[in-house]
Amino acid sequence: MEILVAVIAFAGALLAAIASVALVRRLREEPEGWLIAWTIAGPALCLSLAMIGLGYLVGFGVLTFKVLQITASMLAPLWLAIGLIQLLADKVPPKFLAWLFGIGYTIVALVIMVVDPLISEEMGKSVPSAAEHWAVIPAYLLTGLHVIAALIMLGTMVVAALRWRGGDEYDTDNLHAVLVIAPSGLALMGAMQFTVPAFFTVMLLIAAAAAIWYTVLRPLAPYEDDDEDDDDFVDQHEKRPVGGRREQRPVGPRPQEQPPPGHRPVPEPVPMAATEPPRQRRSGLGDLVAEYRANDQEVDYAARMSPPPPDAGPSTGYIMNGRHGGPAPQPEPRDHAMPGTGATYPGAELFAPRMPQTGPHPVVPPAPQTGPQQQTSGRPSPNIYGMLTVFTLIDGSGAAFDQLADATVEAVRRGEPDTLIYACHAVKSAPLQRIVYELYRDEVAYRDHQRQPHIERFINERQVMVLATNIIELNVNAAKVVPLPMAMF
């Protein structure tokens, strides 16, 4: 039994360590007060589980007992409660008072628990009881902390429930978070305050760590937009993960903006059909992504990914963390050069007509034309193949995806002359979404692009970063392409 408890404790310590890393990654992208507080509680739970596993293997001592009590009985409950206050508080004074109390209590209790001698130092391979080893002052400090933390957790559950009754989706998310964190914190304090079998103590510590992990990383539940959302202007930044508070913004018709001189007005979007299924929660791409998430119909991805017939229009696809494309014929070699020069560049033939060559090579005269003389239309070649891919990233993987995408774009720029455009976009209103826009000379160039080693690496390494992928195949009807301005370093 002792070996089993030790193994479970070490496994729980690993789970808590993973949750702590996820917390830190989330905190780097979204520095919220509740994330900071729970980032203290997560490592504390990890260390306490490791101390239990070590104690059941070699026996408990003064060091392992004090570390276990400081982390599991003091730090974890206190900062779980402080995080709940930071989550629900709308004003600065409650948040400031919570920080002041948490930091002050942590420093005072930590000093006393470290320097105060124990009543008894005789311990075995079972979790030592706090009442049998702590002196009066540390025991009262822990008891008082547990009472205060329990009151905070019960109070936050009441506040979250009252807000949920007359609130919106943000209050629903906050209630969900409180109902996961608060009960696990109460159970943890009960296990540390009273005599509980070691197996249940370990499981309650693991449950508290899993509650933090789940609350921070869980995806938002989908919300249906109201009918009036099509006419009202709502800032996309208002949709935020758990704990995000709304800013008070005026909601009403979008103000009319005066276009600059010479600017052609953009036509109003066509209203959605009355028979269209209700849209799900808006993302940073608005109706574009919502259109593809609006129903759960089965899709034949094998047929969708196969090359379309010549008279077929653009196709779209939605896959979950997968790779698209398939085997195709070998690419045909080309050498595209600017007329009159030896410089080769992507897109040289996109808009310019073919010019006769000069020099030692024979000049092939153009085919004779009948009827009135024809002029070059200036439209893009009908063989151009385009694709728009929308990636929804796993929370916390934005920096790694951007680094991988930068390396891929650089490799495409150096080694793929038939890739006309390959650009990776970030979405300002949706930090977890990326858009890759691709334009190729033809489908043969696209298939050649898919076989490049850097693209294979991009597809394989992004699997752990991408939650879902939208694929939209494109035809180019009209275009203007100029070199992009580059940043100067």
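In this chain, residues are counted from 1 in sequence order. Side chains included, hydrogens not; waters and symmetry mates left out as well; all remaining heavy atoms used.
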Open item on the list: Between Thr143 (side chain only) and Tyr140 (backbone N and O only), is there a donor and an acceptor less than 3.5 Å apart?
Closed with: no

Task: From Trp38 atom CH2 to Glu32 atom CD, the distance as rounded to the nearest 0.5 Å - done: 11.0 Å

- [ ] Return yes if some donor-acceptor pair links the side-chain N/O of Gln450 with the main-chain N/O of Tyr446 below 3.5 Å, else return no.
- [x] no

TODO: Mind checking the OG1-CH2 spacing from Thr172 to Trp164? Nearest 0.5 Å is all I need.
DONE: 7.0 Å

Task: Thr71 side chain vs Val67 backbone, donor-acceptor pair below 3.5 Å - done: yes

Open item on the list: Run the side-chain contact (heavy atoms from CB on, under 4.5 Å) test on Met74 and Met192 for me, step by step, so that the C-alpha distance in whole Å, both residues' side-chain angles and the decisive distance to 0.1 Å come before the verdict.
Closed with: CA-CA 10 Å; Met74 190 262 289; Met192 300 306 298; over 6 Å; no

Task: Closest contact, heavy atoms only, Ile82 versus Ala98 - done: CD1-O, 3.4 Å

Task: side-chain contact (heavy atoms from CB on, under 4.5 Å) assessment of Trp34 paired with Leu88 - done: CA-CA 9 Å; Trp34 54 278; Leu88 296 180; over 6 Å; no

- [ ] Locate the shortest heavy-atom distance separating Ile394 from Val464; write the atom from each residue and the value.
- [x] CD1-O, 3.4 Å

TODO: Spell out, as yes or no, whether a donor-acceptor pair under 3.5 Å connects the side chain of Arg163 to the backbone of Asn174.
DONE: no

- [ ] Could you check if a side-chain atom of Leu474 sits within less than 4.5 angstrom of a side-chain atom of Tyr437, using non-hydrogen atoms only?
- [x] yes

Open item on the list: With rounding to the nearest 0.5 angstrom, report the CD to CD distance, Glu443 to Glu473.
Closed with: 7.0 Å

Task: Ser397 OG to Leu432 CG distance, which is reported to the nearest 0.5 Å - done: 7.0 Å

Open item on the list: Quick check: closest heavy atoms across Ala191 and Leu204, and the distance to 0.1 Å?
Closed with: CB-CD1, 3.5 Å

TODO: Pick out which of Val159, Ile152, Leu97 makes a side chain to side chain contact (heavy atoms under 4.5 Å, CB included) with Ile85.
DONE: Ile152

Task: Heavy-atom side-chain proximity of Phe10 to Val202 below 4.5 angstrom - done: no

TODO: Give, for atom NE2 of His454 and atom OG1 of Thr408, the distance between the pair rounded to the nearest 0.5 Å.
DONE: 7.5 Å

Open item on the list: Please check: side-chain N/O of His133 versus main-chain N/O of Lys66, any donor-acceptor pairing under 3.5 Å?
Closed with: no

- [ ] Might you work through the side-chain contact (heavy atoms from CB on, under 4.5 Å) test for Leu142 and Met113, ending with a clear yes or no?
- [x] CA-CA 10 Å; Leu142 291 178; Met113 295 172 72; 3.9 Å; yes

Task: Any side-chain heavy-atom pair of Leu84 and Leu80 under 4.5 Å - done: no

Open item on the list: Give me the atom names and distance for the closest heavy-atom approach of Phe65 to Ser129.
Closed with: CE1-O, 4.2 Å

Task: Check: Leu188 and Pro77 side chains under 4.5 Å, non-hydrogen atoms - done: yes

Open item on the list: Within the 4.5 Å heavy-atom criterion, are Leu141 and Leu145 side-chain neighbours or not?
Closed with: no

Task: Sub-6.0 Å ring centroid separation between Trp79 and Tyr105 - done: no

Open item on the list: Angle between ring planes, Phe458 versus Phe391, binned at 30° and 60°: parallel, tilted or perpendicular?
Closed with: perpendicular

Open item on the list: Does Leu4 form a side-chain contact (heavy atoms from CB on, under 4.5 Å) with Tyr56? I'd like the steps, not just the answer.
Closed with: CA-CA 9 Å; Leu4 177 62; Tyr56 268 83; over 6 Å; no

Open item on the list: Within the 4.5 Å heavy-atom criterion, are Asp448 and Asp418 side-chain neighbours or not?
Closed with: no

Open item on the list: With heavy-atom distances below 4.5 Å as the criterion, would you say the side chains of Val412 and Glu438 are in contact?
Closed with: no

Task: Leu162 atom CG, over 12 foreign heavy atoms within 6.0 Å - done: yes

TODO: Taking Ser184 for its side chain and Ile181 for its backbone only, find out whether a donor-acceptor pair lies under 3.5 Å.
DONE: yes

Task: Expected output: side-chain Gln86 to main-chain Lys95 donor-acceptor under 3.5 Å - done: yes

- [ ] Report yes if the side chains of Ile459 and Arg462 come closer than 4.5 Å at any heavy-atom pair, otherwise no.
- [x] yes

TODO: Run the salt-bridge test on Glu410 and Arg414 with the 4.0 Å N-O cut-off and return the result as yes or no.
DONE: yes

Task: Minimum heavy-atom distance between Pro43 and Ser20, given as atom pair plus value - done: N-OG, 3.2 Å

Task: Distance in Å, Ser126 OG paired with Ile52 CD1, rounded so as to fall on 0.5 Å steps - done: 11.0 Å

Open item on the list: Donor-acceptor pair, distance only, cut-off 3.5 Å: does the side chain of Asp116 make one with the backbone of Ile112?
Closed with: no

TODO: Keeping the roles fixed (side chain from Glu29, backbone from Arg25), state whether a donor-acceptor pair exists under 3.5 Å.
DONE: no

Open item on the list: Looking at every non-hydrogen atom in both residues, tell me the closest pair between Ala209 and Ala16 and how far apart they are.
Closed with: CB-CB, 3.8 Å

